[in-house]
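Everything on this sheet refers to the single structure shown next.
Residue numbers start at 1 and run along the sequence shown. Just follow the structure's listing: the first ligand is 1, and inside any ligand the first atom is 1.
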Amino acid sequence: MTALTGLLIARITQSGPITVADYMAECLLHPRHGYYATRDPLGGAGDFTTAPEISQMFGEMIGLALAQAWLDRGAPAPFTLAELGPGRGTLMADILRATAHVPGFHAAAQVHLVEASPKLRTIQAEQLAAHTPTHHDSADTLPDQPLFLVANEFFDALPVRQFVRDEDGWRERQVGVQNGKLILGLSGPTPAPFLTHRREDTAHGDVVEYCPAASAVLAPVAARIQTHGGAALVIDYGEWRSQGDTLQALKAHRPVDPLRSPGEADLTCHVDFEALISATDLIPARVAPQGLFLERLGITQRARALAKALSGPALDSHVAAHRRLTHPDEMGTLFKVLGLTRAGEPAIPGTTHDA
Ligand code: SAH
């Protein structure tokens, strides 16, 4: 039993079942036993890997897309170059390297990072020392100036509530205790006005997820872009409108029961992009599959150029990394890219607006 299991059982026994969102929040962010509070979860020795950790090409494409979006908007200076949940800082480091020769970009960019994990903050500060990044607990404190922002595999880590449709309405999934073990149960009928639009496309027994934190995090980002200009790219696995139970726990690159290792496994849910943008006035790009987005930006040309200097196992792993990022059987279709811009402004390269 993990340390956090004991604490959760005591809390639930005393005060009653908790929502799946409260359970996720404790597992991920508990100050002493939370998953992100205690470790660097990325990479081969960790529990999962992410696109920027697979290849430098991912961050290079994002960097050039953001730099072009900045040029398209008149190259405002100064501006905030921000990332939500930067992990090891690899994506931001690749963005900065790829944009080093874009005239004026580095001189105008102020790097801001929103990060909850003290451990990862330290790694990011080292990785990005040359650019003196400023850390934030939330997007609310980002500067009031033009904002160019990226978030990769950030929104999937935010706590999600789960509801089960019954005849007339909804019941919420809860984590309770039975025979000294954590179990999943259901609340009584509960009002869920934020799911009214989901009554049309669900039937008795369907599970629908709702992430209250997602639109709350995006709201201050959208407000800055709306007022001062800028653009945002959100990359994550999910769908335009999600349906079903997508809660997943990963430990040492393997799926495990989400209730069995609280604090020691990564917990994520798919992102519902429609719900994510519901609190913004920004124009969403049509959600692009990651593979298509990267192809439009020229990842294959870049892969060929890098391949020229490689041979043997290094070449093999480079080719495998390109495939992993783009192929429909790998991350190419499961992951989606959403571009957010002000009305009347061009789409971020690699994304397209509805005609
Ligand atoms: N973007 C990185 C890391 C993804 S892991 C990459 O692609 O490699 C998720 C990141 O979000 C981690 O840095 C984690 O510490 C951070 N994070 C998770 N929940 C958060 C929250 N509520 N507030 C701020 N950061 C959070």
Does [X] have a non-hydrogen atom less than 4.0 Å from ligand 1?
{"X": "Leu28", "answer": "no"}
{"X": "Glu83", "answer": "yes"}
{"X": "Leu91", "answer": "no"}
{"X": "Leu29", "answer": "yes"}

| Only one of Thr333, Thr246, Thr268 forms a side-chain hydrogen bond (donor to acceptor under 3.5 Å, both in side chains) with Tyr237, so which one is it? |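 Passing option: Thr268.
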| task | May I ask you to decide if the ring planes of Phe105 and Phe79 are parallel, tilted or perpendicular, using 30° and 60° as cut-offs? | result |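 Phe105 vs Phe79 ring planes: tilted.
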| Protein contact of atom 4 (C) of ligand 1 - nearest heavy atom, named by residue and atom, plus distance |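 The protein heavy atom lying closest is Glu153 O, 3.4 Å.
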| message | Starting from atom 21 (C) of ligand 1, what is the nearest protein heavy atom, named by residue and atom, and what distance separates them? | response |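 In this structure, atom 21 (C) of ligand 1 has Ala116 CB, 3.8 Å as its nearest protein heavy atom.
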| said: Could you walk me through whether Asp245 and Arg173 satisfy the salt bridge (Lys or Arg N to Asp or Glu O under 4.0 Å) test, starting with their C-alpha distance in whole Å, then the side-chain angles of each, then the deciding distance to 0.1 Å, before giving a yes or no? | reply: CA-CA 10 Å; Asp245 171 9; Arg173 272 192 162 171; 2.9 Å; yes
Is it the case that the side chains of [Y] and [X] hold a donor-acceptor pair, with the cut-off being a distance below 3.5 Å and no angle test?
{"X": "Thr80", "Y": "Gln145", "result": "yes"}
{"X": "His136", "Y": "Glu115", "result": "no"}
{"X": "Tyr210", "Y": "Asp272", "result": "no"}
{"X": "Ser187", "Y": "Thr190", "result": "no"}

| said: Taking 4.0 Å as the limit for heavy-atom contacts, which would you say applies to Thr90 with ligand 1: side chain only, backbone only, both, or neither? | reply: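 For Thr90, no heavy atom sits under 4.0 Å from ligand 1.
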| task | Quick one: look at Asn152 and ligand 1, take heavy-atom pairs under 4.0 Å, and tell me if it's side chain, backbone, both or neither. | result |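 Within the 4.0 Å criterion, Asn152 contacts ligand 1 through backbone and side-chain atoms alike.
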By number and element, which atoms of ligand 1 are closer than 4.0 Å to a non-hydrogen atom of [X]?
{"X": "Pro52", "result": "6 (C), 7 (O), 8 (O)"}
{"X": "Ser117", "result": "15 (O)"}
{"X": "Leu158", "result": "22 (N)"}
{"X": "Leu120", "result": "12 (C), 13 (O), 15 (O)"}
{"X": "Thr50", "result": "6 (C), 7 (O), 8 (O)"}

Closest to [atom] among [options] (heavy-atom distance):
{"atom": "atom 1 (N) of ligand 1", "options": "Pro159, Gly87, Gly85", "value": "Gly85"}
{"atom": "atom 14 (C) of ligand 1", "options": "His135, Arg88, Glu115", "value": "Glu115"}
{"atom": "atom 20 (C) of ligand 1", "options": "Tyr35, Phe58, Phe154", "value": "Phe154"}

| message | Let's go through His106 and His131 carefully: what are the C-alpha distance in whole Å and the side-chain angles of both, what is the deciding distance for ring-ring contact (aromatic ring centres under 6.0 Å, His included) to 0.1 Å, and is it a yes or a no? | response | CA-CA 9 Å; His106 277 207; His131 300 273; 5.4 Å; yes
| Contact summary for Val177 and Ile9, nearest pair of heavy atoms |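 Between these two residues, the closest heavy atoms are CG2-CA, 4.0 Å.
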| request: Kindly compute the distance separating CD (Glu83) from CZ (Phe154), expressed to the nearest 0.5 Å. | output: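 So the gap between those two atoms works out to 10.0 Å.
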